[in-house]
Each structure stands twice: as C-alpha cells, then as structure tokens.
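All remarks here apply to the structure that follows.
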Number of protein chains: 2
Amino acid sequence: MTDLDARRTPVTQRAVEEIKRRISDGRFGPGDRLPTERDLAADLGVSRSSMREAIRALITLGVLESRHGAGVYVTALRPSDLLETFSVLAEVSQGATLLEVLQVRRMLEPAATALAAARADDAQLAHIGTLLEDIDGGDGTVSADLGFHQAIVAATGNATLAAVNDGLSSASFHTRVWAGHRQAGLTAKLREDHHRIHEALLARDPDAARAAATAHVLRVEDWLRTELRGQAAPGVESAVRADRER
Amino acid sequence: MTDLDARRTPVTQRAVEEIKRRISDGRFGPGDRLPTERDLAADLGVSRSSMREAIRALITLGVLESRHGAGVYVTALRPSDLLETFSVLAEVSQGATLLEVLQVRRMLEPAATALAAARADDAQLAHIGTLLEDIDGGDGTVSADLGFHQAIVAATGNATLAAVNDGLSSASFHTRVWAGHRQAGLTAKLREDHHRIHEALLARDPDAARAAATAHVLRVEDWLRTELRGQAAPGVESAVRADRER
DNA sequence: ACCCGTTGGTGGTCGGACCACTCTGGCACG
DNA sequence: CGTGCCAGAGTGGTCCGACCACCAACGGGT
C-alpha cells in the first residue's frame with residue numbers, strides 16, 4: 001500500500017513519518033544518536049536537502065535535537081520538551097481566543113490544584129510558599145505569579161499536565177492581566193486568592209484547593225470579559241494596529 | 001544587540017525569527033501570501049535552502065502553509081491549526097506518559113462534555129448521533145470513536161479546547177486502546193458509555209454528561225493501568241528492541 | 001461568450017560543494 | 001610515564017544551480 005500512497009505524497013513528509021515510526025517502535029530510542037544525515041538520506045532514498053527539511057520539522061516539534069559537528073539526537077521525549085510549540089498559541093492569540101484559553105484553564109487548574117493538595121510533598125509546599133512571598137513583596141510580580149501557578153501544577157507530578165498548562169499560560173498574557181489588575185485595583189483580591197490556595201495546599205484539602213483555584217481563574221476570566229466588552233482594542237498594545245490597507 | 005547575537009546564531013533560526021516578527025507586526029497578515037521563497041531568501045540574505053528550512057519549521061508550527069505551484073500563505077492562526085504539533089506527544093509517548101495524558105483528559109473531557117450539553121445546537125447533536133451509529137455498526141470503529149469524541153468537544157464552541165483535546169487524542173493511541181478493548185471484551189461497556197453520554201447531551205443535562213464522560217475516561221484509564229502493570233513492555237511493539245551494541 | 005490548451009511562475013526535489021564545529025587519537029613535550 | 005596540544009576525520013550548517021511537478025492566469029480557438 002505504501003507504494004501507491006507514496007506516489008503523491010511529498011518526499012519530505014514521508015521521511016518525517018518514517019523517522020517518527022522508527023522512534024515510536026523503538027529503533028531510535030530517547031537519547032540515541034541518529035545515523036548521519038547523509039546515511040539517513042541514502043537509507044530512505046531521498047536527497048540530503050529533503051532529509052534536512054524532515055529533520056528540521058522534527059526538531060521544531062521537539063522530538064529531535066542537533067549538535068553542530070556532533071550529530072542528531074532523539075530528545076528525552078519529556079512532555080516539557082514539547083511545550084514551547086504550544087505556547088505560541090497563547091502568545092499570538094488575542095481577544096476572544098484568550099477567553100477560550102481561560103476557559104480551558106478553568107477546567108484544568110482546579111483539578112490540578114486539587115491533585116497538588118493531595119500529592120505535594122513538604123519541599124514542594126515550602127517552595128510554593130516562597131514563591132507566594134515573592135508575589136506579595138517583590139517587584140517582579142508577573143514572573144512570580146507565573147512561577148507560583150506553575151509550581152503548583154508541577155507539584156502534581158504529572159509532567160504532561162504541567163506542559164499543557166504552561167503552554168496555556170504565556171508570560172505575555174500574564175503581563176497584560178497584571179497590568180489591568182493593577183489599574184483596576186484588584187491586586188488585593190488576587191493576593192487573597194493566592195493565600196486561600198496556599199492554605200488549602202498546606203491543609204492537604206483537595207476540595208478547598210479546587211474551590212480556591214476555580215474562584216481565582218474565574219476572577220481573571222470575569223476581568224478579561226469586562227475589559228473586552230468595554231473596549232474593542234485592548235489597553236496594553238493598541239497603538240500597533242495601523243496596518244490594514246495594502 | 002541583534003547584530004552581535006546574529007553573529008553566532010544559525011542563519012535558519014534567524015530567518016524563522018524574522019518571518020515571525022513580520023507576521024506579528026502585521027507586515028504579513030493571516031491569509032496573506034508571502035513573497036517567493038527565492039525573493040524572501042534574497043531579501044534576508046540567505047540561500048533558498050536555508051529559507052526553505054525556516055519555512056518548513058513555521059509550517060510545522062502551523063503558522064504557514066504552502067500550496068505547491070501557488071505560493072506560501074499565512075494561516076488564519078486559529079487554534080485548530082496549531083493542533084497537530086501537540087498530537088505528536090500522544091503519538092510518541094509510551095507507558096507512564098500515556099497515563100499522564102489520560103489524567104489530563106479526565107480533567108478536560110467531563111467539563112467539555114458538560115459544556116457541550118449546555119451549548120450544542122440541534123444540528124451538532126444530530127451529527128454526533130450519526131457518528132455514534134457509525135461506531136456501533138461500522139467497521140472503522142477507531143476513527144469513528146475518535147470522531148465521536150472530537151465532535152462533542154467541537155460542540156462546545158471553544159476552538160482552543162478542541163485543539164488541546166484533539167492533541168491529547170492521537171489516532172494511534174485510540175487504535176491501541178480499541179485493539180485492547182476488543183480482546184478484553186470491553187466493547188460492550190464502551191458502547192454503553194457512549195450511549196449514556198449521548199443521552200445526556202440530548203437531554204441537555206450537563207451534570208449527567210459530566211458524570212458519563214468521567215466514567216468513560218476512567219474506564220479507559222483503568223484498562224491502561226492494568227495493561228501496563230501486567231507487562232512492562234507494551235504488547236504492540238515488543239520484538240523490535242535488539243539494538244544496543246555498536 | 002465560453003472552453004481549453006499554453007505558458008510563466010511557484011514550490012518540491014535533487015546532487016554536489018564548501019564551511020564550521022566537535023571529537024578523538026597520536027604525537028611531542030615535560 | 002604522564003600531560004597537553006594539535007591535526008585529522010566526521011558531522012551538521014550553508015550555499016549554489018539545475019530540473020521536475022503543479023497551479024493559475026492569459027490567450028486563441030470555436
């Protein structure tokens with residue numbers, strides 16, 4: 001069957017599929033070094049140019065990594081390696097899509113926080129507490145807030161969950177929310193939420209953690225909704241929008 | 001700073017960044033056609049080979065799409081376009097990571113199904129019903145099962161949610177589960193789950209939908225857990241593992 | 001006015017060449 | 001004998017020029 005299918009399928013794509021297949025069936029394992037581009041190209045019967053494009057695609061996906069002069073290697077295939085790709089979504093998104101992103105986080109974060117309350121060990125809880133203090137006292141509130149939530153999700157021990165959630169929480173989005181919160185005077189409310197979440201974690205109370213996380217995401221979602229309704233053009237980046245004629 | 005950085009940065013990566021920049025600042029808008037590969041290469045001062053690798057990377061990310069003989073276009077940048085990237089995770093993953101993926105789906109699918117029960121219109125419900133019949137009657141149970149769940153998530157109207165969930169539901173994983181289910185004789189149970197979900201949707205009962213979806217995912221998760229416990233090495237591909245010396 | 005073949009332009013593939021980098025082995029020096 | 005260096009081979013990175021496959025628009029024929 002492959003013969004007929006291959007007829008009208010781009011060579012590069014075939015090469016990508018073939019390499020993925022060899023990874024998933026174990027011929028290429030995590031950390032292994034692949035044959036040279038030249039050998040691989042000869043093996044699959046394609047030119048090195050096409051093989052390089054295939055490898056480039058898999059590098060972009062986070063499946064492979066190449067070291068100049070040393071070789072091409074299969075990554076550890078940890079979910080966190082495949083995170084960066086997805087974060088592009090949250091970065092590029094604006095307006096209505098951001099609401100969608102928040103809706104997904106409203107499904108994930110409560111469950112994740114509840115899971116963290118049940119699973120987190122003392123060291124992780126202590127680390128989360130430290131991050132909480134950074135938010136209250138420090139100036140780098142944006143990255144601190146981001147780190148706080150990421151640490152909670154990481155405490156679930158589910159790397160896939162952490163990767164997905166991180167992808168949905170881009171730094172640029174947090175920056176925008178924090179800027180809006182500050183000028184809306186909601187910082188106090190946010191701090192309250194964070195402490196409620198932290199207390200629930202310390203008490204190892206999944207239900208309370210879930211409730212607190214839900215309330216937190218909901219608050220951000222409500223704020224974004226009113227901001228989007230109020231002004232069609234967001235406040236942070238508004239002047240960079242005069243390109244619609246060509 | 002870019003000048004000094006550029007010195008030791010791979011040409012291809014620089015090209016990727018430059019194109020992304022031109023998209024985000026509006027010089028290339030969604031749906032627009034890019035200049036020729038040859039022109040673009042000359043413009044950025046790189047060879048066409050390198051430019052093609054850069055374009056290939058952005059195609060992989062879902063930002064660009066190319067039509068043979070017509071040109072390269074910027075996608076609509078809708079979340080669903082950036083979906084395929086993530087599905088690689090579910091495809092390549094094995095063992096413990098698959099459990100993590102299912103855990104995430106256990107958080108998403110119940111909430112998504114509940115949302116669908118509240119939001120789906122008659123046409124969507126009818127479509128879902130059709131897909132359900134395909135599962136019961138047809139032979140292509142795998143793709144039918146996949147389509148059933150995707151249609152439900154799509155009925156929530158949240159494209160981002162659909163993209164994330166689809167990414168977590170790779171065809172290869174479903175194939176594996178279905179093969180296991182069939183030999184374990186759990187097909188009847190699965191069918192029961194599907195009908196319960198469908199009824200809840202028809203009744204516009206979010207709570208019932210949530211419960212049914214939870215039970216469904218939980219059943220798959222339990223099956224996978226026992227299979228993984230039973231045999232350390234998965235059953236599908238096991239004999240292809242004799243490459244450790246070189 | 002409509003249909004269809006021609007033709008130019010575009011992405012897709014190829015092969016080869018050269019450069020930049022890494023690694024390793026052996027040589028010279030201490 | 002031990003240590004350091006350096007030269008070579010091997011690998012990915014980049015470039016070039018050519019040709020093929022495909023699409024779309026233009027044009028002549030009916």
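Below, chain A is the first sequence line, B the second, and so on; all start at residue 1.
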Shorter than 3.5 Å, N or O on both sides, protein versus nucleotides 7-11 of chain D: list them out with atom names.
from, atom 1, to, atom 2, distance (Å)
D/dG10, N2, A/G69, O, 3.2

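- In this structure, A/L108 and A/V104 have side chains that are in contact, with non-hydrogen atoms separated by less than 4.5 Å.
- Contact annotation: B/S50 side-chain N/O to D/dG13 OP1/OP2 distance is not under 4.0 Å.
- Interatomic distance, CZ of B/R33 versus OG of B/S66, reported as 11.5 Å (0.5 Å rounding).
- Side-chain contact between B/D39 and B/R48 is absent, with no heavy atoms from C-beta onward closer than 4.5 Å.
- We find the OG1-CG distance between A/T12 and A/L44 to be 11.0 Å, quoted to the nearest 0.5 Å.
- Contacts of B/R56 classified as side chain to side chain donor-acceptor pair (under 3.5 Å), with partners at least two apart in sequence or in another chain: A/E53.
- Side chain B/S49 to base D/dC16: a donor-acceptor pair is found below 3.5 Å.
- Atom CE of A/M51 is separated from atom C1' of D/dG13 by 16 Å (rounded to the nearest Å).
- Side-chain contact between A/L161 and B/Q103 is absent, with no heavy atoms from C-beta onward closer than 4.5 Å.
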Check your understanding: Do A/K20 and A/V63 pass the side chain to side chain contact (heavy atoms under 4.5 Å, CB included) test, and can you show the C-alpha distance, the side-chain angles, and the key distance before you say yes or no?
Key -> CA-CA 9 Å; A/K20 278 203 293 186; A/V63 175; 5.8 Å; no
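- A straight line from CZ of A/R52 to P of D/dT14 spans 7 Å, rounded to a whole angstrom.
- For A/V46 and B/R67, each mapped to the nucleotide of DNA chain C holding its nearest heavy atom, the one lying further toward the 5' end belongs to B/R67.
- With rounding to the nearest 0.5 angstrom, the CG atom of A/D122 is 14.5 Å from the NE2 atom of A/H127.
- On the nucleic acid side, DNA chain C contacts chain A at distances under 4.0 Å to non-hydrogen atoms, with the end points of that region at C/dT13 to C/dT22.
- Atom CD of residue B/E221 and atom CG of residue B/L102 lie 5.5 Å apart, to the nearest 0.5 angstrom.
- Summarising the geometry, the separation between CG on A/L58 and P on D/dG12 is reported as 14 Å, rounded to the nearest angstrom.
- Taking atom CZ of A/R48 as the reference point, atom C1' of D/dG17 lies 16 Å away to the nearest angstrom.
- Between A/I59 atom CD1 and D/dG12 atom C1' there is a gap of 9 Å when expressed in whole angstrom units.
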